[in-house]
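The basis for the numbers below is simple: all heavy atoms, side chains too, and nothing from hydrogens, waters or symmetry mates. Residue numbering restarts at 1 for every chain, and letters A, B, ... go by the order of the sequence lines. Keep in mind that this is a model prediction, so the values were computed, not measured.
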Amino acid sequence: MTVRTRFAPSPTGYLHIGGVRTALFNWLFARRHGGQFILRIDDTDQGRNQPEALQPILDGFRWLGIDWDEGAEVGGPCGPYYQSERLDRYQAAVKTLLDKGLAYHDYATAEELKAEREAAEKEKRPFLYSRRWRAETPADRARFESEGRKSVVRLAMPREGACRFHDHIRSAMTVEWTNEADHVIQRADGSCLYNLANVVDDHDMRITHVIRAEEHLSNTPRQIFIAQGLGYELPEYAHLPFVAEPGSKNKLSKRKLAQYLKNPDFRAACEHGQAIAAAIGLTMTAETFNPVIVDFYREVGYLPDAIVNYLLLLGWSLDDKTEIFSRQEMIAQFSLERVNKAAASFDVKKLRAFQERYMIALPVEPKTEMVLPFLQKAGLIPAPTPADMVTRVTDIVRAAGERIKVAGDILDYAAFFVADEQLVYDQKAFNQHVRKPEANALLRKARERLAAVTFEAKALETLVQEFAQSEGVKLNDINQPLRVAVTGKSIGFSTYETLALLGRERCLTRIDRALEQGGVIGK
RNA sequence: GCCCCCAUCGUCUAGUGGCCUAGGACAUAGCCCUCUCACGGCUAAGACAGGGGUUCGAGUCCCCUUGGGGGUACCA
């Protein structure tokens with residue numbers, strides 16, 4: 001039997017990092033067993049969903065390299081793959097359940113139900129609906145309806161016995177339930193609810209392994225009841241632990257952003273991304289642009305492989321040492337048995353550590369490709385970019401080396417692309433390394449020497465070293481004034497490479513401007 | 001309230017009764033490297049929630065307590 005798994009996102013407009021982890025595990029399991037991964041769209045809740053909200057989600061999956069064999073946009077033999085188009089299937093299933101006496105029309109009002117629930121709570125016993133407004137016969141229905149009541153369809157859950165099922169992640173045990181409530185499967189208006197739709201869809205799409213978040217663990221008994229009532233063969237179940245929020249065990253939720261922002265690491269990551277977004281003209285609020293949402297990483301210039309690798313290890317491990325996995329390796333090694341049972345909290349810093357490792361391993365050419373759009377969007381280079389300018393960017397990327405952690409970090413080197421008169425100086429750095437009398441004097445002298453030398457890193461290094469020696473100062477004493485004068489900042493890669501990349505003319509112009517204190521002083 | 005799940009360093013985890021004076025990674029601190037920043041190297045600090053069993057022996061099995069989480073919707 002071919003393994004078939006699925007992920008069913010709701011079109012909410014953005015792809016959540018916890019959802020991606022669930023999708024990834026489904027995808028990995030299908031790929032591991034040579035099966036199919038299906039992307040079904042969970043748009044039953046009409047009021048909340050908008051069609052245009054689906055695109056960012058599909059784009060997110062494609063960017064991450066999580067591809068689907070059937071489903072949204074690609075179609076397939078088990079469609080339709082949009083739940084909104086499957087109403088007739090659900091209604092047919094409800095009718096079957098009704099005919100078999102496994103479900104019933106119920107005429108209770110919300111108030112009546114509430115009263116029963118509260119009474120049960122008061123007596124500290126489990127709430128079970130009395131079924132007082134259950135319609136047993138057509139005559140009952142007519143009577144209730146004459147009272148002006150509306151009916152929903154409820155599951156007639158057994159009041160005795162227990163539901164047992166096996167869960168791949170809790171492999172040592174079978175989970176067991178008794179006294180399940182009579183959940184509604186169809187509303188008065190004929191629309192159907194999640195539990196019913198889900199079971200029908202999974203069956204129609206021949207899903208063999210239901211791998212989903214743990215919040216669905218308690219839905220499983222009633223879903224099994226529905227499936228059995230409909231004569232379906234049961235799938236295998238695997239309930240994944242939650243991805244918890246930073247620094248806690250609570251389920252990660254995009255609605256609790258303000259709270260995550262209190263976490264210093266999360267906040268720092270968010271601000272770093274916001275700064276890049278602002279520089280490339282993205283107007284984003286923290287609500288829709290933050291490290292819980294996949295789009296954030298794409299816009300800021302993360303590598304999909306780094307994110308996927310991090311997510312793989314969030315709740316799964318191979319052994320006590322292997323951390324880096326190529327797609328091929330993770331597909332070859334993945335197993336549900338090695339999924340952890342406890343919730344794992346999302347740690348932006350660790351994700352970033354993976355990003356750094358992947359970025360370090362990335363050769364200069366693809367890194368340059370990644371970085372180009374950021375310079376273009378920031379208006380620092382034209383788009384399309386002429387070949388000689390691309391070469392220049394490549395040189396800078398090479399010189400910056402491991403300092404570029406995400407593609408957007410190229411904007412730290414904006415000084416290489418702005419006109420001399422537009423160079424902005426960091427105030428603190430300027431005061432310390434240019435304005436201070438001894439630094440200023442040294443910079444003046446160095447400027448004279450620079451006028452004569454070949455602008456090539458090696459030659460510049462020799463020159464500066466000799467100069468420092470003859471002046472009896474440390475290398476730092478001269479390198480920092482030079483760096484600040486030509487880039488505006490006290491941090492950056494090798495001064496010699498910086499000077500060489502900028503060229504004699506621009507360096508001398510910038511140094512002169514700095515000495516005249518004619519630059520634009522920033523904060 | 002009721003039902004269910006879970007529990008090893010701050011975080012992600014290894015550990016399937018003796019290889020554990022509990023290993024790795026991220027983060028943290030110190031030192032080294034060094035023109036700044038980053039990278040890298042070395043070192044340090046840091047955990048079996050508590051209590052009972054079972055066993056010659058328990059992080060590992062059982063029970064209880066505590067703690068955390070989820071569900072309890074005409075949401076998904």
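An OP1 or OP2 oxygen of B/rC12 is reached within less than 4.0 angstrom by a side-chain nitrogen or oxygen of A/Ser345. Between B/rG69 and A/Asn250, a contact under 4.0 Å exists linking OP1 or OP2 to a side-chain N or O. OP1 or OP2 of B/rA14 has at least one side-chain nitrogen or oxygen of A/Asn340 nearer than 4.0 Å. For A/Arg352 and B/rA27, the shortest distance from a side-chain N or O to OP1 or OP2 is not below 4.0 Å. Residue A/Arg338 places at least one side-chain N or O closer than 4.0 Å to OP1 or OP2 of B/rG15. Between B/rC35 and A/Thr495, no contact under 4.0 Å exists linking OP1 or OP2 to a side-chain N or O.
Checking B/rU28, B/rC5, B/rC74 against the side-chain heavy atoms of A/Val184 singles out B/rC74 as nearest. Relative to the side chain of A/Lys341, the nucleotides B/rA76, B/rC6, B/rC75 differ in distance, and B/rC6 lies closest. Set against B/rG71, B/rA14, B/rC2, the side chain of A/Ser218 has B/rG71 as its closest nucleotide. Taking the side chain of A/Ser317 as heavy atoms from C-beta on, and the options B/rC74, B/rG71, B/rU13, the nearest nucleotide is B/rU13. The side chain of A/Ala342 lies closest to B/rA7 when the candidates are B/rA25, B/rC74, B/rA7. Checking B/rG70, B/rA73, B/rC74 against the side-chain heavy atoms of A/Leu193 singles out B/rC74 as nearest. Side-chain proximity of A/Leu475 to the nucleotides B/rA14, B/rA38, B/rC35 is greatest for B/rC35. In the set B/rC26, B/rA14, B/rA73, the nucleotide with an atom closest to the side chain of A/Ala353 is B/rC26. When distances run from any side-chain atom of A/Glu402 to the nucleotides B/rC39, B/rA25, B/rC26, the shortest one goes to B/rC39. Which of B/rA76, B/rA25, B/rC6 sits closest to the side chain of A/Glu323 comes down to B/rA25.
Rounded to a whole angstrom, the distance from the P atom of B/rC26 to that of B/rU21 is 25 Å. Rounded to whole Å, the separation between the P atoms of B/rC39 and B/rU65 comes to 49 Å. Distance noted for atom C1' between B/rC48 and B/rG67: 16 Å (whole Å). When the C1' atom is used for both B/rG59 and B/rG15, the distance is 8 Å, rounded to whole Å. Across B/rU72 and B/rC56, the matching C1' atoms stand 48 Å from one another, rounded to whole Å. Taking atom P in both B/rA7 and B/rU28, the straight-line distance is 29 Å, to the nearest Å. With both ends at atom P, the span from B/rA47 to B/rU11 equals 12 Å, rounded to whole Å. Look at the P atom in both B/rU54 and B/rC63: the space between them is 15 Å, to the nearest Å.
A donor and an acceptor atom, one from each side chain of A/Asp409 and A/His272, are located under 3.5 Å apart. A/Tyr107 and A/Arg141 share a donor-acceptor pair across their side chains, judged by distance under 3.5 Å alone. Remark: the A/Gln480 side chain and the A/Arg483 side chain contain an N/O donor-acceptor pair separated by less than 3.5 Å.
A donor-acceptor contact under 3.5 Å is formed by the side chain of A/Asn219 with the base of B/rA76. Taking 3.5 Å as the limit, the base of B/rA25 and the side chain of A/Lys350 contain a donor-acceptor pair of atoms between them. The base of B/rC37 is paired with the side chain of A/Arg403 by a donor and an acceptor separated by under 3.5 Å.
We find that CD of A/Glu123 is positioned 13 Å from P of B/rC2, with the value rounded to whole Å. Rounded to whole Å, atom C1' of B/rG15 lies 14 Å from atom CG of A/Leu318. Per the geometry, CG belonging to A/Asp265 stands 15 Å off P belonging to B/rG10, to the nearest Å. Regarding A/Glu215, its CD atom lies at a distance of 17 Å from the P atom of B/rC5, rounded to whole Å.
Under the 6.0 Å distance and 45° angle rule, A/Arg338 does not count as a cation-pi partner of A/Phe334.
Using the Watson-Crick or G-U wobble rule with both distances under 3.5 Å, B/rC39 pairs with nothing in any strand shown. Under the Watson-Crick or G-U wobble criterion, with both distances below 3.5 Å, B/rC2 is paired with B/rG71. Under the Watson-Crick and G-U wobble criteria, each requiring two contacts below 3.5 Å, nucleotide B/rU66 is paired to B/rA7. Base pairing analysis places B/rA44 opposite B/rU28; the two distances defining the Watson-Crick or G-U wobble pair are each below 3.5 Å. If you check B/rU60 for Watson-Crick or wobble pairing at under 3.5 angstrom, you find it has no partner at all.
A/Phe493 comes within 4.0 angstrom of a nucleotide base, judged by non-hydrogen atoms across all strands. Using a 4.0 Å heavy-atom distance criterion, A/Ser490 is classed as a base contact. Heavy atoms of A/Lys405 sit under 4.0 angstrom from primed sugar atoms or phosphate atoms, though from no base atom. Counting any heavy atom pair closer than 4.0 Å across all strands shown, A/His433 reaches no nucleic acid atom.
When the nearest nucleotides of RNA chain B are assigned to A/Arg483 and A/Glu121 by heavy-atom distance, the more 5′-ward of the two goes with A/Glu121. Taking the nucleotide of RNA chain B with the nearest heavy atom to each of A/Leu314 and A/Val152, the more 5' of the two is matched to A/Leu314.
Between the side chain of A/Glu123 and the main chain of A/Arg125, no donor-acceptor pair closer than 3.5 Å is present.
Across A/Tyr425 and A/Val484, no two heavy atoms sit closer than the pair CE2-O, 3.1 Å.
With respect to A/Glu356 and A/Arg352, a salt bridge is recorded, a charged nitrogen being found less than 4.0 Å from a carboxylate O.
Ring centers of A/Tyr297 and A/Phe354: at least 6.0 Å apart, outside the cut-off.
The shortest distance between side-chain heavy atoms of A/Phe242 and A/Leu252 does not fall below 4.5 Å.
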